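Owing to the predicted nature of the structure, the values given are computational and were not obtained by experimental measurement. Chain letters run A, B, ... following the sequence lines, proteins first and then strands; every chain starts at 1.
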Number of protein chains: 2
Amino acid sequence: MNDLDLGAFIKDHRKNAGLTQLELADLAGIGKTTVFDIEKNKETVRFNNLLAVLHVLNINVEFKSPLTK
Amino acid sequence: MNDLDLGAFIKDHRKNAGLTQLELADLAGIGKTTVFDIEKNKETVRFNNLLAVLHVLNINVEFKSPLTK
DNA sequence: CATTATATACTGTTTTAGCAGTAAAAATAT
DNA sequence: ATATTTTTACTGCTAAAACAGTATATAATG
């Protein structure tokens, strides 16, 4: 389940939006290092920073349990 | 979109699993304070800690862009 | 090729999340 | 009601995420 490479997924969407890591970082209001880390699948990043990146790239997050699905 | 109250969602599933915050924290391998913070929608928690909680509760995370959807 | 832009990597520093411990408030049970 | 459990809240302390700056490597462009 969801063994998606989130880093690659984000990088792909960033490229698609024509943004550099630095531009994405600025738009998301975070440092370039963090964007780099996120694309490298560093999971110890702060949730809000990840959300900021996802928001800029128009990526949605959904939480679903097998029950409610 | 997704203005879901993730904290309440998690709390609900925790209750449903018959777990206390402390038990969930131990199962997830994190501190009780962090579980409390997560249920209070503190978004500055580390992503891996949130994932650990979601994993214990069998909650899946999905990332989707309007494009690929 | 050379040149520019971008990505990766590595610093030192600052900020803060995470933590256990404790205590008090709220909920649950007896 | 009064125990008991659970949750909420508040501490310092420590570890590490975040950051800008810099440097090198890689990729793209002329």
Closest approach of A/Phe47 and A/Phe63, non-hydrogen atoms and distance?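 Scanning both residues completely, I find the closest heavy atoms to be CZ-CZ, 4.2 Å.
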B/Lys15 NZ to C/dA26 P: how many Å, rounded?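 Atom NZ in B/Lys15 sits about 15 Å away from atom P in C/dA26.
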In whole angstrom, what separates B/Phe47's CZ from C/dA17's P?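 Taking atom P of C/dA17 as the reference, CZ of B/Phe47 is at 17 Å.
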Terminal axis angle for the helix from C/dC1-D/dG30 to C/dT30-D/dA1, five pairs an end, nearest 10 degrees: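 Computed angle between terminal axes is 60°.
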For [X], side chain to side chain contact (heavy atoms under 4.5 Å, CB included) partners two or more places apart:
X	result
B/Thr44	A/Arg46, A/Asn48, B/Lys42
A/Ala28	A/Ile30, A/Ala52, A/Val53, A/Val56
A/Phe36	A/Gln21, A/Lys40
B/Thr33	B/Asp37

Reading DNA chain D 5' to 3', which nucleotide is the first, and which the last, to come under 4.0 Å of any heavy atom in chain A?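 Listed 5' to 3', the contact boundaries are D/dA17 to D/dT22.
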Among pairs that include at least one residue of residues 8-35 of chain B, which meet salt bridge (Lys or Arg N to Asp or Glu O under 4.0 Å), considering only residues two or more places apart or in two chains?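 Pairs touching residues 8-35 of chain B that pass the test: B/Arg14-B/Glu39.
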Test side chain to side chain donor-acceptor pair (under 3.5 Å) applied to A/Asn41 - qualifying residues, sequence neighbours left out: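 Testing A/Asn41 for side chain to side chain donor-acceptor pair (under 3.5 Å), a comparison that skips the adjacent residues, returns A/Asp5.
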Identify which one of A/Ile59, A/Ile38, A/Leu50 satisfies the side chain to side chain contact (heavy atoms under 4.5 Å, CB included) criterion when paired with A/Leu6.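 Passing option: A/Leu50.
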Give, for atom CG of B/Leu54 and atom OG of A/Ser65, the distance between the pair rounded to the nearest 0.5 Å.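 One finds 11.0 Å between CG of B/Leu54 and OG of A/Ser65.
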Gap separating the CG atom of A/Leu22 from the CG atom of A/Leu27, nearest 0.5 angstrom: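 Result: 9.5 Å between the selected atoms.
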Is there a residue in residues 21-45 of chain B whose heavy atoms reach under 4.0 Å of DNA chain D, and which residues are they?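 Within this stretch, B/Gln21, B/Phe36, B/Lys40 sit under 4.0 Å of the strand.
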May I ask you to verify if any side-chain N or O of A/Lys11 is less than 4.0 angstrom from the OP1 or OP2 atom of C/dT8?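 It does, given that an N or O in the side chain of A/Lys11 lies less than 4.0 Å from OP1 or OP2 of C/dT8.
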